[in-house]
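Some notes on the structure that comes next.
Quick note: residue numbers are just sequence positions, from 1. The basis for the numbers below is simple: all heavy atoms, side chains too, and nothing from hydrogens, waters or symmetry mates.
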Amino acid sequence: MIVDLQHVKLTYQAPDGEVDAISDISFGIEEGEFVSLVGPSGCGKSTLLSTIAGLEPPSAGTISIDHEAVTAPSAKIGYMPQKDQLFPWRTIWANVTLGLEIQHQNTGERQAHAHELLERYGLAEFIQKTPAQLSGGMRQRCALIRTLATDPKILLLDEPFSALDYQTRLSVSADIYTIIRQEHKTALLVTHDISESISLSDRVVVLTHRPSRVKNIHTLDDLKDVPPLQRRDHPAFRTHFNEIWKELDAHA
Ligand code: ADP
Ligand code: MG
């Protein structure tokens with residue numbers, strides 16, 4: 001297991017008392033696996049990602065990454081928050097190399113790697129532009145390349161497609177799936193879109209309402225070798241969809 005969560009619990013101390021966000025979550029992710037996390041709004045999905053990223057210590061339980069306990073943010077993790085968070089005044093190149101600057105890794109070799117990623121994924125000719133000059137889908141690819149530039153083993157993606165319109169979302173999610181597979185990364189994707197979780201992942205972890213627990217874990221073996229867009233037309237798709245839908249709908 002490259003990611004291992006054991007009985008993770010998280011309680012926020014708010015001014016008007018405690019908020020139990022996560023009650024008890026355990027699951028693991030194998031190296032190279034793509035796992036989606038779905039759950040009702042406010043059930044603690046973003047909280048869980050920031051805890052795995054080492055930004056928020058759990059109130060109880062343990063998290064390990066590559067067999068080491070998480071105590072602080074690690075270079076092994078690339079965390080892509082919900083908004084693309086590109087800086088509007090920085091060029092695409094200055095945005096993509098921001099993580100390298102922060103981690104003091106802005107070497108020639110790393111820059112060459114970043115440039116290669118921009119070329120491979122169709123953004124090389126835009127490096128002197130600013131984010132406002134790019135489409136929403138291009139900005140998402142740029143944010144992903146920024147996350148990949150530091151060469152993390154594990155990607156944590158928090159609703160990366162939610163700001164995109166439906167058509168763009170389909171094509172960008174298929175692009176991002178290809179990028180993650182080709183770069184041999186392990187991914188944990190938060191989404192509230194059941195179809196998206198089934199079309200992209202190896203397994204789907206379904207969470208309950210807050211304070212969340214794992215309700216069920218779906219293994220999508222029957223869709224394993226089917227690319228994201230084709231999965232939506234596969235007979236197994238509807239079966240998984242209906243099961244997850246029922247689990248999310250149930251008030252338990
Ligand atoms: P999700 O991403 O699943 O929609 P979140 O992880 O953002 O849910 O939030 C889970 C719960 O914790 C929500 O009830 C939210 O209001 C609460 N919460 C999130 N962040 C904080 C915080 N910093 N302080 C107090 N409560 C918080
Ligand atoms: Mg969230």
May I ask you to test the Thr130-Asn95 pair for a side-chain heavy-atom distance under 4.5 Å?
no

Counting only N and O atoms by type, is there a donor-acceptor contact under 3.5 Å from the side chain of Thr219 to the main-chain atoms of Asp221?
no

Count I, L, V, M, F, W, Y as connected when their side-chain heavy atoms are under 4.5 Å apart, and connections chain through other members. Are Ile2 and Phe27 then in the same cluster?
yes

For Glu33 and Gly28, work out which heavy atoms get closest and say how close.
OE1-O, 4.4 Å

Quick check for you: to the nearest 0.5 Å, what is the distance between Glu125 atom CD and Ile92 atom CD1?
12.0 Å

Straight-line distance of Glu56 CD to Leu48 CG, nearest 0.5 Å
10.5 Å

If we ignore hydrogens and angles and just use 3.5 Å, is the side chain of Arg210 paired with the main-chain N or O of Asp20 as donor and acceptor?
yes

Check Gln105 against Thr150 and note the closest heavy-atom contact, atom names and distance.
OE1-O, 4.0 Å

Measure the acute angle between the ring planes of Trp89 and Phe87, then classify it against the limits of 30° and 60° as parallel, tilted or perpendicular.
tilted

Short side-chain to backbone donor-acceptor contact, Ser199 and Arg232, under 3.5 Å:
no

Full working for side chain to side chain contact (heavy atoms under 4.5 Å, CB included) between Thr62 and His7:
CA-CA 7 Å; Thr62 55; His7 303 292; over 6 Å; no

Between Asp222 and Arg231, does any side-chain N to carboxylate O distance fall below 4.0 Å?
no

Heavy-atom check, side chain of Lys9 versus side chain of Asp24, under 4.5 Å:
no

At their closest point, which heavy atom of Cys142 faces which heavy atom of Val96, and how far apart are they?
SG-CG2, 3.7 Å

Leu188-Ile22 co-clustered via ILVMFWY side chain contacts under 4.5 Å:
yes

Minimal heavy-atom distance between Leu223 and Ala236, with the atoms involved, is CD2-CB, 4.2 Å

Taking Arg90 first and then Glu101, would you say they form a salt bridge - that is, a charged N and a carboxylate O separated by under 4.0 Å?
yes

Atom CG of Leu144 and atom CG of Leu157: how far apart are they, to the nearest 0.5 Å?
6.5 Å

Would you indicate whether the side-chain heavy atoms of Leu229 and Leu170 approach each other to under 4.5 Å?
yes

Between Pro73 and Gly54 the two heavy atoms that sit nearest each other are CD-O, 3.4 Å

Ser135 side-chain N/O to Met138 backbone N/O, donor-acceptor pair under 3.5 Å
yes

Checking Gln140 side chain against Gly137 main chain: does a donor-acceptor pair fall under 3.5 Å?
no

Is it the case that the side chain of Ser59 and the backbone of Thr11 share a donor-acceptor pair, with hydrogens and angles ignored and the cut-off at 3.5 Å?
yes

Check whether any side-chain heavy atom of Ser26 sits under 4.5 Å from a side-chain heavy atom of Val8, and report yes or no.
no

Decide whether a cation-pi geometry holds between Arg169 and Tyr166; the criteria are a distance under 6.0 Å from NZ or CZ to the six-membered ring centre and an angle within 45° of the ring axis.
no

Does some side-chain heavy atom of Ile65 sit less than 4.5 Å from a side-chain heavy atom of Ile52?
yes

Test your reading of the model: is there a side-chain donor-acceptor pair from Ser64 to the backbone of Ala69, 3.5 Å cut-off?
no

Verdict with reasoning, Leu5 to Ile29, per side chain to side chain contact (heavy atoms under 4.5 Å, CB included)
CA-CA 9 Å; Leu5 311 186; Ile29 306 178; over 6 Å; no

Under the side chain to side chain contact (heavy atoms under 4.5 Å, CB included) criterion, do Asp202 and Val35 qualify, and how do the steps go?
CA-CA 6 Å; Asp202 298 309; Val35 173; 5.7 Å; no

When clusters are formed by joining ILVMFWY residues with side-chain heavy atoms under 4.5 Å apart, either directly or through shared neighbours, do Leu220 and Val214 land in the same one?
no

Just by modelled atom types, is the Phe34 backbone N or O under 3.5 Å from a matching donor or acceptor in the Lys185 side chain?
no

Within a strict 4.5 Å, meaning less than it, do heavy atoms of the Thr178 and Arg181 side chains meet?
no

Say you draw a straight line from OG1 of Thr47 to CG of Asp158; how long is it, rounded to the nearest 0.5 Å?
9.5 Å

Is it the case that atom CG in Asp225 sees more than 12 heavy atoms from other parts of the structure closer than 6.0 Å?
no

4.5 Å side-chain heavy-atom contact, Arg203 and His218:
no

Start with the C-alpha gap between Tyr79 and Leu49, add the side-chain angles, then the distance that decides, and say whether side chain to side chain contact (heavy atoms under 4.5 Å, CB included) holds.
CA-CA 8 Å; Tyr79 178 35; Leu49 279 206; 4.1 Å; yes

Lys129, NZ: over 12 other non-hydrogen atoms inside 6.0 angstrom:
no

Do Ile127 and Ile179 belong to the same hydrophobic cluster, where Ile, Leu, Val, Met, Phe, Trp and Tyr are linked whenever their side-chain heavy atoms lie under 4.5 Å apart, directly or via other members?
yes

Short side-chain to backbone donor-acceptor contact, Arg141 and Tyr121, under 3.5 Å:
yes

With a 3.5 Å distance limit and no angle check, can you tell me whether Lys45 reaches the backbone of Leu37 through a side-chain donor-acceptor pair?
no

Heavy-atom closest pair (Ser195 atom, Phe241 atom, distance to 0.1 Å) is OG-CE1, 3.4 Å

In terms of heavy-atom contacts, does CD of Gln182 have more than 12 from other residues, nucleotides or ligands at under 6.0 Å?
yes

Between NZ of Lys215 and SG of Cys43, what distance do you get to the nearest 0.5 Å?
11.5 Å

Quick one, Gln103 and Arg110 - any side-chain contact, counting heavy atoms below 4.5 Å?
no

Is there a path of hydrophobic side-chain contacts, each under 4.5 Å between heavy atoms of I/L/V/M/F/W/Y residues, joining Leu207 to Leu156?
yes

Taking atom types as modelled, is there a side-chain donor on Ser36 or Ser197 under 3.5 Å from an acceptor on the other?
no

Separation between CG (Leu98) and CG (Leu86), nearest 0.5 Å, reads 9.5 Å

